[in-house]
Amino acid sequence: MDNFSLLLKPASADCNLRCRYCFYDDSGQRSAAPQQRRMSQATLQCVLQRYFATTQEIYSMTWQGGEPTLMGTDFYQRVTDWQKRLAPQGARVVNCLQTNATAVTPELADHLAHYRFLVGASLDGPAPVHDRFRKTRAGRPTHTRVVKGIRLLKNHGVPVNAVCLVSAANVRRPEDVYRYLTRQGLTHLQFIPCVEHDDQGKPLPWSITGTQWGAFLRRVFALWDTRDKRRVSVRNFESVLARLVTGEAVQCHMHHRCNQYLVVEYNGDVYPCDFFVGPEYCLGNLHDTSFEAMRTSEQYARFAAQKQAWPETCAQCAYLELCFGDCLKCRPTNHRGAPSLLCDGWRDFYAATLPRFKQLAASLNGK
């Protein structure tokens with residue numbers, strides 16, 4: 001069985017914030033009462049037993065939400081205790097945690113540091129842009145709390161990456177956002193495009209266009225390439241370099257199939273992708289089905305193959321091997337017959353930067 005990672009949601013869609021652009025808020029995972037949406041010890045043990053029964057080069061687990069820190073320190077102590085008990089001898093185990101950083105305690109930060117969790121903290125830029133859509137349940141700003149949480153994590157020695165959603169709030173301010181994040185001492189960055197539409201396909205107020213996305217990436221690249229490429233890691237750019245140097249896709253949207261990871265809900269239900277967690281996509285439950293059975297199922301094969309159902313315009317595109325039609329979430333009309341909604345932006349970005357990427361890749365290869 002091919003290598004795959006897990007994206008685990010121990011508190012499901014539960015969150016202490018109400019970010020307006022949160023796609024998970026409407027995923028249907030909030031049907032249960034909050035106190036019921038918590039991963040039990042039995043389910044945690046089952047998940048780890050099932051995963052460690054597979055053969056992986058690296059057992060990679062990302063704890064996400066919702067907001068995973070709502071589980072508290074005790075839960076993550078159980079995670080690492082069970083991992084030590086159940087992992088095959090000599091196995092490499094990597095834990096990541098994606099958080100809004102507003103509910104981190106010193107006890108949790110200490111545990112994450114001790115077990116070398118890599119933390120991705122959601123920060124969209126300076127307060128005016130971050131607070132436009134990232135609100136508390138009462139509609140209050142969150143920027144100050146996020147920065148405080150990030151500092152707490154860093155003070156405890158936790159490696160922190162910035163995960164920045166590029167939305168209508170910040171898409172026109174790429175230089176401001178980039179400089180702000182690096183001034184916070186965040187030298188590992190990832191930018192994610194916000195592409196959200198209503199049931200009629202109309203863009204929601206926080207969504208961006210492909211043209212905006214391409215311009216944002218180009219402007220950040222120019223700043224990064226000019227002064228920061230040796231000290232700041234931008235995953236969006238390093239994934240392109242990795243593709244050119246090794247031929248490998250390190251981000252799933254650059255892969256030709258959608259089968260790099262699985263999503264595990266709080267109750268053991270498994271889905272093929274974070275963006276596709278509706279009942280029609282459920283592959284089974286780990287309490288009665290193995291990962292091997294799910295990953296070799298016809299249902300999973302059909303989902304994974306959808307990535308290759310790109311339109312003819314993609315087949316003729318010079319940049320096909322850098323995106324393979326982009327993420328399924330960004331393709332309209334049930335992912336058939338139309339290019340990604342970000343296609344124009346990707347094409348503009350690659351047209352402007354690929355010659356320079358090739359130079360950088362050649363230098364890495366010693367040529």
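A donor-acceptor contact shorter than 3.5 Å links the side chain of Arg137 to the backbone of Cys15. Checking side-chain atoms of His111 against main-chain N and O of Thr73 turns up no donor-acceptor pair under 3.5 Å. Distance alone, capped at 3.5 Å, places no donor-acceptor pair between the Glu196 side chain and the Cys22 backbone. Remark: side-chain polar atoms of Thr289 are not paired, donor with acceptor, to backbone N or O of Leu286 under 3.5 angstrom. Checking side-chain atoms of Arg243 against main-chain N and O of Glu321 turns up a donor-acceptor pair under 3.5 Å.
Classified by interplanar angle (parallel below 30°, tilted 30° to 60°, perpendicular above 60°), the ring pair His143/His130 is perpendicular. Note on ring orientation: taking the six-membered ring where Trp is involved, the planes of Trp224 and Phe221 are tilted (angle from 30° to 60°).
Other residues, nucleotides and ligands contribute at most 12 non-hydrogen atoms within 6.0 Å of the CD atom of Glu298. Residue Arg219 qualifies as enclosed at atom CZ: its count of foreign heavy atoms under 6.0 Å is above 12. Environment of CZ in Arg92: sparse, with no more than 12 heavy atoms of neighbouring residues, nucleotides or ligands closer than 6.0 Å. The environment of Arg172 atom CZ is sparse: at most 12 non-hydrogen atoms of other residues, nucleotides or ligands sit within 6.0 angstrom.
When each of Asp269, Thr43, Asn267 is checked for a side-chain hydrogen bond (donor to acceptor under 3.5 Å, both in side chains) with His287, only Thr43 meets the rule.
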Requested in this report: List the steps and the verdict of salt bridge (Lys or Arg N to Asp or Glu O under 4.0 Å) for Asp14 and Arg38.
Outcome: CA-CA 9 Å; Asp14 229 16; Arg38 296 291 185 270; 3.0 Å; yes

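With rounding to the nearest 0.5 Å, the separation of CG in Leu118 from CG in Asn161 is 4.5 Å.
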